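Okay, structure first, notes after.
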Amino acid sequence: MTGSEGSTSLSAREAARLLRQRLEMGGGELFLDGMTRDEVLQQAARALTDQESDGGGGFDRNEVSAPGGLGSAAVAPEAARVTKGVSEEAAVAPSLLPDDYEALREMAMACTRCGLSSGRTRVVFSDGPSAARLMVVGEAPGANEDASGVPFVGMAGQFLDLLLATVALSRQDSVYIANVLKCRPPGNRDPQPDEIAACSPFLLKQIDLVKPRALLAVGSFSARLLTGREGVALGKLRGTVHTYHGVPLVVTYHPAALLRNRRWIRLFWEDLQLLRSVIDDS
Ligand code: SF4
């Protein structure tokens with residue numbers, strides 16, 4: 001979590017702990033759509049009061065129903081199986097890009113490989129330490145990211161920070177974040193295939209250079225790119241440890257999608273538990 005805690009007296013770390021406790025003890029889901037960061041933290045504080053007053057009754061994680069149409073059956077971490085991502089053969093080889101991290105970054109900052117260069121304010125290369133244990137891969141910059149040059153700084157990014165804190169991960173010291181596209185698509189439309197083909201070598205080279213112990217792909221575009229499972233629904237990819245060039249890869253929902261569909265928050269949290277176990281075992 002970046003920045004000060006503003007007017008709320010609850011710290012991000014405390015909020016993360018409360019959210020983790022609430023999920024573990026079966027508390028009702030939090031409604032976060034349209035909320036500010038402070039409101040998210042206040043909601044988490046309220047969760048403690050609810051939990052204490054209702055005794056925090058248990059729940060069966062397997063009873064969490066999957067959102068319709070995505071085949072998102074909840075999979076317990078202990079039941080997850082390891083598969084080899086077909087992307088290991090299909091990935092675009094970033095062999096023409098520099099092996100030096102700063103040189104790669106400078107090349108991306110000046111890039112005009114695709115049409116998105118004409119509408120961007122800033123190239124959004126990454127955030128977090130380049131020696132991070134975990135690399136989170138998102139989709140593309142939004143308006144806030146385009147303006148700031150930093151990935152995941154809007155409401156979805158703040159929520160991602162909060163959820164990562166529940167498994168003791170932070171972009172301050174252990175998480176590096178990058179997107180499939182470095183420039184904002186107009187109107188936040190989906191990335192186009194030619195844009196992904198043009199930009200993804202930067203991302204793949206970043207993975208090569210950062211050498212994370214684990215990868216977390218959030219959203220279908222990064223999940224499909226790194227698993228090589230083009231056209232497969234995200235719900236069918238999550239709950240399993242894939243590999244990308246030997247690096248364990250966990251797939252889950254984009255935090256922005258969690259803000260639209262609160263039922264996915266628990267599934268996301270389960271995927272984080274799987275991720276944490278992968279990191280702890282590596
Ligand atoms: S999106 Fe990627 S490929 Fe396209 S201009 Fe930006 S950095 Fe270059």
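Predicted model, so just to flag it, every value in this text is computed and none were measured. Atom set for the values below is all heavy atoms of this structure, side chains included, hydrogens, waters and symmetry mates excluded. Counting starts at 1 for both ligands and their atoms, following the listed order. All residue numbers refer to positions in the sequence shown, counting from 1.
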Check your understanding: Checking N179 side chain against E139 main chain: does a donor-acceptor pair fall under 3.5 Å?
Key -> yes

Exercise for review: Note the single closest protein heavy atom to atom 8 (Fe) of ligand 1, along with its residue, its atom name and the distance in Å.
Suggested key: C111 SG, 2.3 Å

Review point. Is C183 close enough to atom 2 (Fe) of ligand 1 to have an N, O or S atom under 2.8 Å?
Key: no

Point to revise | Atoms in ligand 1 flagged as close to R120, the criterion being non-hydrogen separation under 4.0 Å | key: 5 (S), 6 (Fe)

Exercise for review: Taking T240 for its side chain and H242 for its backbone only, find out whether a donor-acceptor pair lies under 3.5 Å.
Suggested key: no

Practice item. Give the contacting part of E195 toward ligand 1: side chain, backbone, both or neither, where contact means a heavy-atom distance below 4.0 Å. Key: neither

Revision key, fill the gap. When distances are taken from atom 2 (Fe) of ligand 1, the protein heavy atom at minimum range is C199 SG, 2.3 Å

Review point. Do the charged groups of D161 and R171 touch, with an N to O distance under 4.0 Å?
Key: yes

Point to revise | Backbone or side-chain N/O/S of C114 under 2.8 Å of atom 4 (Fe) of ligand 1 | key: yes

**Study point:** Enumerated ligand 1 atoms positioned under 4.0 Å from heavy atoms of S117
**Key:** 5 (S)

Practice item. Using a strict 4.0 Å threshold on nitrogen-to-oxygen distance, state whether E195 and R189 make a salt bridge. Key: yes

Review point. Do the side chain of Q192 and the main chain of D190 share a donor and acceptor less than 3.5 angstrom apart?
Key: yes

Check your understanding: Are R133 and Y176 in a cation-pi contact, defined as NZ or CZ under 6.0 Å from the six-membered ring centre and within 45° of the axis?
Key -> no

